Amino acid sequence: MIVVGAGFAGLYMVHKMRQAGRSVRAFEAGSGVGGTWFWNQYPGARCDIESMEYSYGFSEDLEQDWDWSQRYAPQPEILRYINHVADRFELRRDVQLNTKVLFAHYVETGGRWRVETDDGETWNAAFCVMATGCLSSTNMPDIPGLDSFSGETHHTSRWPHEGVEFIGKRVGIIGTGSSAIQAIPIIAETAERLTVFQRTANFSIPAHNGPLAEETSSAVKKDYQAIRALNRERAAAFGINWGEPGGLTFDSTKEERRQAYEDRWKMGGLGFLAVFEDILMDQKANDEISNFVREKIRGIVDDSDTAELLSPHHVIGCKRPCVDTGYYKTFNRDNVQLVDLSQAPIEKITKSGLVTGGREYEFDCLILATGFDAMTGALHSIDIRGRRGQTLLEKWSAGPLTYLGLGTNGFPNLFTITGPGSPSVLTNMVTSIEQHVNWISDCFDYMEKQGHRTIEASTSAEQAWVGHVNEIADETLYPTCNSWYLGANVPGKPRVFMPHIGFPPYVEKCNEVAAADYEGFNFSAD
Ligand code: NAP
C-alpha cells in the first residue's frame, strides 16, 4: 500500500498496515510528520477541540502515558504528540519525508497504482490511500500585485518554522477566519501596528483556555475508552463535557434561554452551539443565539463602529465557528485597526502595502490568513488517474462524487481517508480518521479471505450517496452561507456541500455496508 501524507491519518494507516503484517510506504511532502500541525505553525495556533478528546484512541497505553498541559492543546504540543506516536510505534521507517507525490495512475493491466514522486522515483502498489487531509491545500488569494509587495509575506498555513518577529513592525493581515482569529491577539501584542482586513465578520466563542487540571485528566484516563465510546454516539464525535442540548429552543422560556446562552458562553468553546438541538435547523432559533453573540461583541468592543463591523450577519454555525482567546478585545488596543473590505474589495497589493476603497495602507509584513481549498484541493494537487486515464479532476468537475467518502467509481483500490462525503470536518477528525482506517483495514482482511484483488464503488451507490449527503444538508441551515464546506471560498469551485452531517448514522451505514459484503462496492479477482 502507498499512503500519501503523514499526518494523523497517514500515520495511523501505516501503523494499522504494519500490525497486519502488510507492506506499506507513506510519502510526506513536509520535512516532518504531523500534517496540518506541521504546516500551521502561526502564532496562537491551537486546536478548538479539547485536548483529552483530540487524540488517538487506538492504544490504551498511549492514552494513559500522554499528558496534555492545557484544556486546548497548542500546536507545538500536538506536533510533539504526533512525533511521539511516530517514535513510539516506530512508524518513521515506512515514512519517506520531503517527498511529494506528483502522479498516481491506475494501470489497468495488472491492476496496480503507479505513483511518481518529485525525487523522480516510481512506485507500484496494489492500493493507494490518500491521507492528504481536508485542510491542507493553501488558498492563495488571486489579488493583483501580490508578488510586488517588498516586505515579508506569510500564509498562515505555510508558516516559517523558525517563527516571525513582529517587534517594531507594521503588520497587515488579510482574513478573519479561525487562523486569523487565533493569530491576531498574539501578533497585536508585539507588532507596532496591526491592520486587519476583513471581508466577512465571523462568529467567535471564547475558549476559556487554561492549564488542564490533574484531576480532570486523571478522571478521563480512568474511563477513557468508555468516554470515547460515548463521544462516538455524538453527532460531531466530541463534546463529552457539554452535557445534553436543552431540546428545541422555543420549548424553553425567554429567561431559560438567556440563562442557557450565558452558561454556555461561560463554558466556552464549540459546545456553545450545542445549547439547543435546533440551532442549525430553525432560522428563528439561530437568529436569537446570533443576536446574543452580537450583544456580547458590543459589550467587549469599545468603539461602536468597530463592534458593528465585527458583528457577523450570516447564520451562526453555517461557517465553522471560531474559538478564541481575547479576539474581540484586541480591537480595543490603540495599535490595532479594522478595515472593512465588504464594500470595497482589495484593489491591489503594492510595493508597500495594499489599496482598498481608493486608500493605500502601508505595512512591513503581510499575512495571508485566507484559508484552504478544503476537502478536494489536496487531492486535485496530485495528478490522479483511474480507469481509461480519467483524471479525478475531470470526474469531480461538478463536485466530488464518492461512496461513503471512501471510494469513487473508476478508481479501483483508491481510498480517501476522511474524503468528501464523510463526516470528517464536522467531527473530531482523529475519531473520523480512526474509523476510516479501521474500516479500510477490515476491508483488506475481507478481500484477502475472499480472494478479491480490486474493490471499486459502483456508480449507482455513489450517486445515491451523494444525493443522500446533500439531502441531509438541505434540511439544515448549512447551505445558507458562503462557507468552505460548500467550496464557496475558492473562486470557480463547484458549490456542493461536501461533508456528511452526523457521525453515528454514518458509522452505522459503513458497518452495514461491510456486514452486507460491502454492498455498493464491486470486487474483482483479477
Ligand atoms: P477560513 O476560515 O477560510 O478564513 C479565510 C479568511 O480569509 C476569511 O475571512 C475570508 O473571507 C478571507 N479571505 C479569503 N480570500 C480573501 C480575499 N481575496 N480578500 C479578502 N479576504 C479573503 O480559513 P482559516 O481561518 O485558515 O480556517 C479554515 C478552517 O481551518 C477553519 O474553519 C477550521 O476548520 C480550521 N482551523 C481550525 C483551527 C482550530 O482548531 N482552532 C484553527 C485554524 C483553522 P470570507 O469569509 O469573506 O471568504
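All values below come from the heavy atoms of this structure, side chains included, with hydrogens, waters and symmetry mates left out. For ligands, and for the atoms within them, numbers begin at 1 and follow the listed sequence. Only a predicted model underlies this, so the values are computations on that prediction, with no experimental measurement involved.
Residues E277 and M281 approach most closely at O-CG, 4.2 Å, considering heavy atoms.
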Table please: side-chain donor-acceptor pairs of residues 131-139 below 3.5 Å, with sequence neighbours left out.
| residue | atom | partner | partner atom | Å |
| --- | --- | --- | --- | --- |
| S136 | OG | T132 | O | 2.6 |
| S136 | OG | G133 | O | 3.4 |
| T138 | OG1 | S157 | OG | 2.8 |
| N139 | ND2 | T370 | O | 3.1 |

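At a heavy-atom cutoff of 4.0 Å, ligand 1 is surrounded by Y42, R46, C47, D48, L135, P141, I174, G175, T176, G177, S178, S179, Q182, R199, T200, K319, R320, L341, A369, T370, G371, F372, W484.
For the 3.5 Å distance criterion, the side chains of T376 and K493 qualify, holding a donor opposite an acceptor. Checked by atom type, the side-chain pair S352/R170 shows no donor-acceptor distance below 3.5 Å.
Under the 30°/60° scheme for interplanar angles, the aromatic rings of F197 and Y361 are found to stand perpendicular.
Within the 3.5 Å criterion, the main-chain N or O of Y72 finds a donor-acceptor partner in the side chain of N209.
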